[in-house]
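The figures here come from the full heavy-atom set of this structure, side chains too, leaving out hydrogens, waters and symmetry mates. Just follow the structure's listing: the first ligand is 1, and inside any ligand the first atom is 1.
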Amino acid sequence: MNTKTSLILATALTAVAAAPAVAETWDMPLAYTGSNFHSVTAAEFGECVTTGTGGDIEITTHPSGSLFAGNDIKRAVQTGQALIGERLLSAHQNEDPIFGVDSIPFLATSFDQAADLWEAAKPTMEELLAGQNLKLLYSVPWPPQGLYFKEPKESVADMEGVKFRSYSNATARLAELTGMLPVQIEEAEISQAFATGVADSMISSGATGYDRKVWESLNYFYEVDAWLPRNYVFVNMDAWDGLPEENKNVMLGCAGLAEYAGTWRAKEYTQFTLNGLREGGMTVETASDQMKDDLREIGETMTAEWLEDAGEGGQAIVDQFRSMQN
Ligand code: PCA
């Protein structure tokens, strides 16, 4: 290297080093409360990205729907009002039935099966989201869904007329088919809804009941293992496309870690939170055989309805998932 070239190179390097890194803050709206394991995982993901990009991108999480209400998070990220966010995937089933693939009753009822179903659905989901200007980053399941009530229930017939808190199309449909009265309420607001009698029941995980201390109002949790819905984290596609390659790689690396850590937490939290519900004074038990049979029948109706709505694309995912179960 001659003196002139090395001088130019040295000057160029100084210029690079001296150029102020354009640090950006990415606000990350979350629908769920800060203590929830999904929100904890998202906060760690944010720190990972901030560290990994050397501060180029600083991610700040906003739990409890405090920046955008749960229902508005996806639209906010699609339109670039926020560049990244997290939401319950099945909350969008009214936009496209594929978003509800994780809420087909009794299709995937364990963490292993939920992982297989996600593997089968992921390419379709990525494409669907890309068509909506969103890049899918990672997804973490909730623990298995069971039924919460104030009064004891032996069968679906006992559920007639009960006010039921729903969180998605599938949960509202389940309420209709069991003769309950659905009212859509975000997780951040359920403690109040139960305390004031706006709702007296719901389907959810032990984790959510535990996080929201529902034993203050409800008394029974029946383990049904109906499905394991997922949260997913997504980025505005224009913002994603504009990232330098190295920052994309950091995000993808942090996303992989977050998915792993979040899934691990979900598993660990399952038994821990069921015990917590008991300690809070609730009766926690498996549903009666009668209730199981009744719910299976309703599950078959909902499966048939979903398959009809979702068409060939949906059938292909379910077929692939089933072929993975042998
Ligand atoms: N908790 C969330 C979704 C599924 C779950 O277990 C909720 O109740 O809103």
Side-chain angles (χ1 to χ4, degrees), residues 29-42 63-66 68-74 85-94 99-111 114 117-118 139-149 163-175 180 182-195 198-218 221-233 262-263 265-274 276-277 282 284:
L30 314 172
Y32 295 95
T33 33
S35 60
N36 177 263
F37 72 92
H38 288 286
S39 303
V40 171
T41 304
S64 293
S66 56
F68 290 97
N71 257 340
D72 300 327
I73 292 176
K74 177 161 171 279
E86 183 192 53
R87 183 64 177 136
L88 182 78
L89 194 62
S90 55
H92 314 312
Q93 196 179 335
N94 52 348
F99 286 126
V101 69
D102 62 19
S103 309
I104 301 171
F106 308 114
L107 180 65
T109 58
S110 66
F111 281 103
L117 183 57
W118 182 239
S139 168
V140 170
W142 289 89
Q145 305 291 288
L147 285 165
Y148 286 86
F149 292 102
K163 285 178 273 175
F164 179 89
R165 173 262 168 168
S166 65
Y167 63 70
S168 65
N169 280 28
T171 53
R173 183 70 182 132
L174 180 80
M180 294 194 275
V183 42
Q184 175 110 15
I185 302 167
E186 287 293 325
E187 178 254 20
E189 273 123 46
I190 59 175
S191 310
Q192 199 182 350
F194 292 136
V198 171
D200 293 320
S201 67
M202 68 170 174
I203 187 166
S204 194
S205 55
T208 288
Y210 178 83
D211 286 342
R212 308 307 292 143
K213 298 189 171 58
V214 300
W215 55 81
E216 288 173 358
S217 308
L218 305 179
F221 179 77
Y222 296 109
E223 291 173 70
V224 172
D225 295 350
W227 62 77
L228 289 80
R230 310 185 73 88
N231 276 11
Y232 74 117
V233 168
T263 305
R265 280 193 176 110
K267 291 177 188 174
E268 290 291 303
Y269 219 35
T270 301
Q271 202 50 52
F272 173 81
T273 55
L274 292 183
L277 294 179
M282 294 186 74
V284 176

Practice task
Verify whether one side chain among N231 and W142 offers a donor that lies under 3.5 Å from an acceptor in the other.
Solution key: yes

Practice task
Check each protein residue for a heavy atom under 4.0 Å from ligand 1 and list those that pass, ordered by chain and number.
Solution key: Y32, L88, W142, Q145, R165, Y167, E187, S204, S205, T208, P229

Handout entry: Q145 side-chain N/O to P143 backbone N/O, donor-acceptor pair under 3.5 Å
Key = yes

Handout entry: Charged N-O contact under 4.0 Å between R212 and E186
Key = no

Handout entry: Donor-acceptor side-chain pairing of N36 and Y269 below 3.5 angstrom
Key = no

Fill in the blank from the handout: Hits for side chain to side chain contact (heavy atoms under 4.5 Å, CB included) against A199, two or more places apart or cross-chain, chain-then-number order -> R165, V183, I185, F194

Exercise for the section: Using the six-membered ring wherever Trp is involved, compare the ring planes of W215 and Y210 and label them parallel, tilted or perpendicular (cut-offs 30° and 60°). Expected result: tilted

